[in-house]
Peer 1: 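A single structure is presented below for examination.
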Number of protein chains: 2
Amino acid sequence: MAILYHHPLCPHSRFVRLVLAESSLSFELVEERVWERRRDFLLLNPAGTTPVLSDTGLLAVPGAGVIAEYLDETVGPVLDEQRLMPADTLERVEVRRLLDWFNNKFFEEVSQLLVHEKIYKRYMTGEQGGGAPDMSAIRAARSNIRYHLRYIGYLVGQRNCIAGDRLTYADLAAAAHLSVADYLGDVPWDEDETAKHWYARVKSRPSFRPLLLDTVAGMPPPASYADLDF
Amino acid sequence: MAILYHHPLCPHSRFVRLVLAESSLSFELVEERVWERRRDFLLLNPAGTTPVLSDTGLLAVPGAGVIAEYLDETVGPVLDEQRLMPADTLERVEVRRLLDWFNNKFFEEVSQLLVHEKIYKRYMTGEQGGGAPDMSAIRAARSNIRYHLRYIGYLVGQRNCIAGDRLTYADLAAAAHLSVADYLGDVPWDEDETAKHWYARVKSRPSFRPLLLDTVAGMPPPASYADLDF
């Protein structure tokens, strides 16, 4: 069975968990604390980041974007209606543009800041860069998330899903990154009803259920986090 | 003809120029100063970043990674020996891993810092974020580039090119990002002979020539920059 090296609150790992579940692929989760820079993990991914998908024990596929392309090439064509990438060239450009938007831009501007400051630093030693959260980074993330939420509302207001009429990688990436901010109580849902309704739809999918059960010791999510009618 | 919105010293734009030239595709260059946030450009790419490839006037493909996938899907199969992505699944994983390494990791840790601080800020108004370069960012880039250079030497020492035996997107991305640091005199070539020889090989390809002719007004490159036997 495939193994996914992940962290419960790593947004890129969450994206891949959603993708695997939506594709009806079974996998085993192994938690990786990337700040420990475990030697065997660095051999799988020299960049030292989660997620890494180790398929059949022979192949390590590192990184959310690389895993998405790998799965679309290897199992996409047999998934039919479940396929998370459209077949049309222009539609593929749009999915990839938005996949990059959430996995890189939203990550840098929002989810990486929140997870690093609020979660990872709790577990890191002083030498590893741990310590109290940098409040200016958290404030920046809380400010940045507002325009991303408006952008999601704008996109979904024009079409049924983030990148078009059907559910694609773009929806799962957007929802995965938002879910981490939501766990930390940092999504101002009241500011965009359209984005909120879209998230409620994605969140109620069976693929999302395992993510809603994850908890970080000593840091429970707000009550609305796992509430499907939040 | 396709139009590439670019900046002469934007490493992602340079990567796409190399890809287009290696694929024997003709294109027209339009310089974009992203910090001006031109409205018509933001319609092409809401992320507001270069490069954007506007193909046939109908389709805008934004971002180095998205353009690379788009071109591999549309023209890759007819390029035969010139194709910049392998056909084999495992080899494609390795090319994409390293493409991401240079376009995202090297960019964040090295080339973005250098270009932003040393070039873009010269043209930006105070309101746009212009001003004197932040020397701590430049020092960080100069420190980070050393381990990237060793990693390139390690990879090329094991195989002929960055991601395998043949020239791929990974070589062009690595060389594009390095070329910007080289323009600014910030590559410690003496620290890795293997990396240096690989770069000399890539730099002497005809696709590289236009990049070596670009200059920024008032900021000429060092003499070794365009020297093929540097």
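Chain letters run A, B, ... following the sequence lines, proteins first and then strands; every chain starts at 1. Hydrogens, waters and symmetry mates are skipped; everything else that's a heavy atom, side chains included, is used.
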Peer 1: As an exercise, state the distance from CD of B:Glu69 to CG of A:Leu99, rounded to the nearest 0.5 Å.
Peer 2: 10.5 Å
Peer 1: Is the number of heavy atoms from other residues, nucleotides or ligands under 6.0 Å of B:Gln158 CD greater than 12?
Peer 2: yes
Peer 1: How about A:Glu108 and B:Glu108: do any of their side-chain heavy atoms sit closer than 4.5 Å?
Peer 2: yes
Peer 1: Shortest non-hydrogen contact from B:Pro62 to A:Val93?
Peer 2: CD-CG1, 4.2 Å
Peer 1: In terms of heavy-atom contacts, does CZ of A:Arg146 have more than 12 from other residues, nucleotides or ligands at under 6.0 Å?
Peer 2: no
Peer 1: Is it the side chain or the backbone of B:Arg92 that comes within 4.5 Å of chain A heavy atoms, both, or neither?
Peer 2: side chain
Peer 1: Are there over 12 heavy-atom neighbours, none belonging to B:Arg159, within less than 6.0 Å of that residue's CZ?
Peer 2: yes
Peer 1: How long is the straight-line distance from CG of B:Asn104 back to CZ of A:Phe107, given to the nearest 0.5 Å?
Peer 2: 10.5 Å
Peer 1: First locate atom CD1 of B:Ile67, then atom CZ of A:Arg97, and finally report the distance between them rounded to the nearest 0.5 Å.
Peer 2: 13.0 Å
Peer 1: Pick one of side chain, backbone, both or neither for A:Thr49, based on which atoms fall under 4.5 Å of a heavy atom in chain B.
Peer 2: neither
Peer 1: Kindly check if the number of other-residue, nucleotide or ligand heavy atoms within 6.0 Å of OH (A:Tyr154) is above 12?
Peer 2: no
Peer 1: Between B:Gly65, B:Gly63, B:Pro46, B:Ala60, which shows the greatest number of heavy-atom pairs under 4.5 Å with chain A?
Peer 2: B:Pro46
